[in-house]
Amino acid sequence: MGKTALITGITGQDGSYLAELLLEKGYDVYGLIRRLSTPNISRIEQILDKIELVEGDLTDQSSLDNAMRTAQPDEVYNLAAQSFVGTSWNQPVLTGDVSGLGVVRILESVKHQCHDARVYQASTSEMFGKVQEVPQSETTRFYPRSPYGFAKVYGYWACVNYRESYDIHVSNGILFNHESPRRGIEFVTRKITDSVARIHHGLASELRLGNLDAKRDWGFAGDYVKAMWLMLQQDQPDDFVVSTGETHSVREFVELAFEEVGLDWEKYVVVDPKFVRPTEVDLLLGNPAKAKRVLGWEPKVRFEELVKMMVKADVERLSK
Ligand code: NAP
Ligand code: F7E
């Protein structure tokens, strides 16, 4: 018999790629979806007839219990979060409630409704924050630099604790930044590629950004959801860094994106203090050796290809 998965955050970037991957593998896929005045289903429109949506919210325990009872999942992928670091300073309590306490609600629900389900928790390189060593691995000490970062550290340790206290098969994927044409428009990569496409089509004349010196280990979301799945196929739950092992600055991303449409970025980019954060994560560089060794996972899409893919998609979208 095929397996059943429940994905929280199915309407997000990763949720949509993961749902497609699991459908390809023959899973019955359930997705938790929260009530909004205008439904946000643009990323999953192409698979709506193949998945089941269950209403629920990470801040509401009974809705999570109901989702677990309805789906009876073999695997639970907890991808839902208030995931934008910038917003987390303006909404620190909400961020803690959804991205931190929400993890405990999921674990409680699994404990009571479907104890044998395997759980994936969307942990993050933002937990390393002000990095204590380079590159960062599973043993690097955390030093979060935002309300998002410290909410995720709470969620991470909740998973470790439920694994040890209740024998729940729960794994943390410590994923470094991963992007795609489906990335939310507020994140820097997509903000850049969308603006490059607008400038290319004559729809905009400048791009306002914050810190161009920040460095990130950027990969492709389509590659990273495969690592999530692989983690839940292991007999033993564990924690894994998922990254490319390369780091690039925001400035490098900008240069390459403008180059793709034959423009000189320095004529269009304006540094605006409005986009500079109260505390910055200056440098992220992950060591994915354990994911390679244990899971056999490696990223396929490299930095240049990722930038090209995203610029191309935005140029095509806006030409319609
Ligand atoms: P995303 O595009 O922002 O998607 C977040 C999802 O969470 C959306 O489906 C959103 O639903 C849902 N959500 C938000 N608040 C919720 C609530 N209260 N109850 C239920 N659902 C809620 O994020 P992503 O890039 O796909 O990332 C997926 C997960 O990985 C997140 O947990 C993120 O923190 C983590 N992560 C991301 C990266 C990255 O680089 N992308 C790296 C490491 C970790 P709506 O559509 O209704 O808003
Ligand atoms: O910022 C700098 C900004 O918002 C990247 C989330 O998926 O990855 C993501 O978090 C860098 C930062 O992503 C602008 O200061 C400059 O240094 O694209 P971002 P993030 O904060 O790294 C981690 C792994 C997650 O877990 C999160 O959920 O770019 N930057 N100028 C800017 N950033 C934005 N957004 N906008 C700017 O104008």
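The shown structure was predicted, so the numbers you read here are calculated from the model rather than taken from an experiment. Hydrogens, waters and symmetry mates play no part in the numbers below; they use all other heavy atoms, side chains included. Ligands are counted one by one from 1 in listed order, and the atoms in each one are counted from 1 as well.
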Under 3.5 Å, side-chain donor or acceptor atoms of residues 170-177 against the rest of the protein: list the pairs with distances, not counting sequence neighbours.
unit_1, atom_1, unit_2, atom_2, d
Ser171, OG, Asp238, N, 3.1
Ser171, OG, Asp238, O, 3.2
Asn172, OD1, Ser123, OG, 2.7
Asn172, ND2, Tyr156, O, 3.4
Asn172, ND2, Asp239, OD1, 3.2

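- In this comparison of Ser83, Ser180, Ala221, the heavy atom closest to atom 1 (P) of ligand 1 sits on Ser83.
- With a 4.0 Å heavy-atom cut-off, ligand 1 is reached by the backbone of Ser123 but not by any atom from C-beta on.
- At a heavy-atom cutoff of 4.0 Å, ligand 2 is contacted by both the backbone and the side chain of Leu209.
- By the neighbour-count criterion of 12 heavy atoms within 6.0 Å, atom NZ of Lys3 is densely surrounded, having more than that number from other residues, nucleotides or ligands.
- Below 4.0 Å from some heavy atom of Ala214 lie the following atoms of ligand 2, by number and element: 17 (O).
- The closest approach between a heavy atom of Glu179 and any atom of ligand 2 is not below 4.0 Å.
- For Glu304, the CD atom is loosely surrounded, since the number of other residues' heavy atoms within 6.0 Å does not exceed 12.
- When Leu18, Asn177, Leu64, Leu58 are checked for heavy-atom proximity to atom 20 (C) of ligand 1, Leu58 turns out nearest.
- For Tyr143, there are no ring pair (Phe, Tyr, Trp, His ring centres under 6.0 Å) partners, not counting sequence neighbours.
- When non-hydrogen atoms are compared, ligand 1 lies under 4.0 Å from the backbone of Asp14 as well as from its side chain.
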Checking side chain to side chain contact (heavy atoms under 4.5 Å, CB included) for the pair Leu232/Tyr77: CA distance, chi angles, key distance, verdict? CA-CA 9 Å; Leu232 297 203; Tyr77 294 86; 3.7 Å; yes

